[in-house]
J.: 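This is the structure, below, for whatever I ask next.
Just so it is clear, the model here is predicted, and its values are computed rather than measured.
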Amino acid sequence: MTEKELAALCAAVTPPDEAARAAAHAHWASLAKPLGGLGGLETTIEDAAALTGSAKLDISRRAVLVLCADNGVVAQGVSQTDSSVTRVVAQNLAARRTSVCRMAQTARCEVVPVDMGIAGEPVPGVLDCRIAPGTADFTFGPAMSRAEAVEAIGRGIQLVREQKKAGVGLLATGEMGIGNTTTSSAVAAVLLGQPVEVMTGRGAGLSDEGLARKIDAIHRGIAKNQPDSADALDVLAKLGGFDIAGLCGVFLGGALEGVPVLADGFISCVAALCTVRLCPAAAKAVFASHCSTEPAAKLVLDALNKKALITAGLHLGEGTGAVAAIPLWDMALAVYDGCYSFEEGGIEAYTPQEGEGC
């Protein structure tokens, strides 16, 4: 995909369907329960209706896309482990043995591991969408070229199109890549104009010394590359990873194809932020699942104007938080589709009261 083609796709994203949102809201209001009693579960379904253009939703088929990639900045000692762990986890994703695989089985969700740029040979059982065998170390120059970033976004869009063609009505985002909290913190710090120290956490459990190395590497990467905060593609290419770029495409694909996309934690929310900076209208496809314990997670969610359904101290990755939210969607739709109405119950309908609150 070319940058011109990407711009045309961004321009093609339509606003949310407010008539469908209103229809979903009216349906909730007709059910025999307190108005707005399910809180964020109700507005989630209304937002999904506005995205899909229909007050009738079908999420019986769902999948989590786990985008895997290696990051050259790992050479700077920003992680507990080396890049070989990315491959090991990808192999176990293919064998359906990881945390997200076990959770997805409970949520009746297919797991789709995707190689966006793992070092070494392709991993059997992992969908090959690789751009290159890992990004460059951004402390020495751009992590990837602008063209590579665009191509990764394009492959993310194509993943969504393939899933929709297969009948999937709800997507969750996941990722696996040693060093990707470093790339995410770097991208978020620039896009939000925040100090690196505020946007950077311990990832998978860094020591004080490791955290200091991580912060220093991000400072050096920003100084070396001078990314333009007004150009999300420039920031993504210079400081990001192939997993983040691919996830950016997944969110954009969700907006183009009318498929709700559940953002997982900090990393996929940073990808969503890149998407919204590239294409503000694509925000309609982004659904927050949980608020990660990474220090900057809430700042990114606030920038996206999204509220998480779950606050449980999750910070595992792989898409586990996004998959954990799927049963909440199921329960919301169980009420939305199956609860009796005020009319059916012979109950006078509730009406909004002035000053109504908690």
J.: Spell out, as yes or no, whether a donor-acceptor pair under 3.5 Å connects the side chain of S341 to the backbone of L31.
T.: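 Absent.
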J.: Check the hydrophobic clustering (I, L, V, M, F, W, Y; side-chain heavy atoms under 4.5 Å; chains of links allowed) and say if L316 and V300 are grouped together.
T.: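 Not linked; separate clusters.
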J.: Heavy-atom count around Q226 CD within 6.0 Å, excluding the residue itself: above 12?
T.: yes
J.: Minimum heavy-atom separation for V190 to P227, with atom names?
T.: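 Answer, listing the atom of V190 first, then P227: CG2-CG, 3.8 Å.
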J.: Where do M199 and F266 come nearest, in terms of heavy atoms and distance?
T.: O-CZ, 3.9 Å
J.: Taking side chain as C-beta onward, heavy atoms only, is L41 less than 4.5 Å from W28?
T.: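 Not touching, per the 4.5 Å side-chain cut-off.
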J.: For A149 and A245, work out which heavy atoms get closest and say how close.
T.: O-CB, 4.1 Å
J.: Does L67 belong to the same Ile/Leu/Val/Met/Phe/Trp/Tyr cluster as V286, with side-chain heavy atoms less than 4.5 Å apart forming each link?
T.: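 Hydrophobic grouping puts L67 with V286.
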J.: Could you go through the side-chain hydrogen bond (donor to acceptor under 3.5 Å, both in side chains) check for K214 and T181 one step at a time?
T.: CA-CA 9 Å; K214 184 176 181 179; T181 59; 2.7 Å; yes
J.: Should we say atom NZ of K33 is surrounded by more than 12 heavy atoms from elsewhere, each under 6.0 Å from it?
T.: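 More than 12 within 6.0 Å, yes.
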J.: Take C10 and L252, measure what side chain to side chain contact (heavy atoms under 4.5 Å, CB included) needs, and give me the verdict at the end.
T.: CA-CA 8 Å; C10 289; L252 183 54; 4.0 Å; yes
J.: What I want to find out is whether R202 reaches D208 closely enough, with some N-O distance under 4.0 Å, to be called a salt bridge.
T.: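 Salt bridge between R202 and D208, a charged N being under 4.0 Å from a carboxylate O: yes.
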J.: If you count the non-hydrogen atoms of other residues, nucleotides and ligands that lie under 6.0 Å from CZ in R96, is the total more than 12?
T.: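 Counting neighbours around CZ of R96, more than 12 heavy atoms of other residues, nucleotides or ligands fall under 6.0 Å, so yes.
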J.: Between E209 and R213, does at least one N-O distance fall below 4.0 Å, as a salt bridge requires?
T.: no
J.: Could you state whether I218 and L239 fall into the same hydrophobic cluster, counting links through intermediate Ile, Leu, Val, Met, Phe, Trp or Tyr residues with side-chain heavy atoms under 4.5 angstrom apart?
T.: yes
J.: Could you tell me whether K238 and D228 make a salt bridge, using a distance below 4.0 angstrom between a side-chain N and a carboxylate O?
T.: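 So K238 does not pair with D228 through a salt bridge.
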J.: Spell out, as yes or no, whether a donor-acceptor pair under 3.5 Å connects the side chain of S289 to the backbone of A263.
T.: yes
J.: Just grab all the ring pair (Phe, Tyr, Trp, His ring centres under 6.0 Å) pairs involving residues 280-306, residues at least two apart or on different chains.
T.: F287-W329
J.: Give the C-alpha distance, both sets of side-chain angles, the deciding distance and a yes or no for side chain to side chain contact (heavy atoms under 4.5 Å, CB included) between L256 and V160.
T.: CA-CA 9 Å; L256 288 164; V160 176; over 6 Å; no
J.: Specify the closest pair of heavy atoms between A172 and A322, including all atoms of both residues, with the distance to one decimal.
T.: CB-CB, 3.7 Å
J.: Mind listing the closest non-hydrogen atom pair of A119 and R87 along with its distance?
T.: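 Here A119 and R87 meet closest at O-NH2, 2.8 Å.
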J.: Are V114 and M1 linked, directly or through intermediate hydrophobic residues, by side-chain heavy-atom contacts shorter than 4.5 Å (ILVMFWY only)?
T.: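 Not linked; separate clusters.
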J.: Please find the pair of heavy atoms, one from A237 and one from S145, that lie closest to each other, and give the distance.
T.: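 Shortest heavy-atom contact: CB-O, 3.9 Å.
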J.: Using a 6.0 Å cut-off, check whether atom CD of E18 has over 12 heavy atoms from anything other than its own residue.
T.: yes
J.: Could you please spell out the steps behind the side-chain hydrogen bond (donor to acceptor under 3.5 Å, both in side chains) verdict for E318 and T98?
T.: CA-CA 9 Å; E318 295 183 19; T98 73; 2.9 Å; yes
J.: In chain order, what residues pass the ring pair (Phe, Tyr, Trp, His ring centres under 6.0 Å) check against H25, with sequence neighbours excluded?
T.: none
J.: Could you check I118 against R130 for side chain to side chain contact (heavy atoms under 4.5 Å, CB included), going step by step and ending with a plain yes or no?
T.: CA-CA 7 Å; I118 301 174; R130 59 170 42 203; 4.1 Å; yes
J.: I'd like to know if the side chain of R146 and the backbone of E3 have a donor-acceptor N/O pair within less than 3.5 Å.
T.: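 No, the answer is negative, given that no donor and acceptor are paired below the 3.5 Å cut-off.
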J.: What verdict does the side chain to side chain contact (heavy atoms under 4.5 Å, CB included) test give for L328 and M331, after you've listed the backbone C-alpha separation in whole Å, the side-chain angles of each residue and the deciding distance to 0.1 Å?
T.: CA-CA 5 Å; L328 292 175; M331 286 185 278; 3.8 Å; yes
J.: Between L273 and L247, is there shared hydrophobic-cluster membership here, with clusters defined by ILVMFWY side-chain heavy atoms closer than 4.5 Å?
T.: no
J.: Is it true that D47 and K307 have a side-chain N and a carboxylate O under 4.0 angstrom from each other?
T.: no
J.: Step by step, would you call R21 with D17 a salt bridge (Lys or Arg N to Asp or Glu O under 4.0 Å)?
T.: CA-CA 6 Å; R21 188 196 307 277; D17 186 330; over 6 Å; no
J.: Under 3.5 Å, is there a donor-acceptor pair between the side chain of T200 and the main chain of E197?
T.: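 Absent.
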J.: So, D264 side chain and G321 main chain: donor-acceptor pair closer than 3.5 Å or not?
T.: yes
J.: We want to know whether E42 and H27 form a side-chain donor-acceptor pair, criterion being a heavy-atom distance below 3.5 angstrom.
T.: no
J.: Main chain of V73, side chain of N71: is a donor-acceptor contact present, judged purely on distance under 3.5 Å?
T.: no
J.: Going by atom types alone, do Q105 and R102 pair a side-chain donor with an acceptor below 3.5 Å?
T.: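 A pair is found: one side chain offers a donor N or O, the other an acceptor, under 3.5 Å apart.
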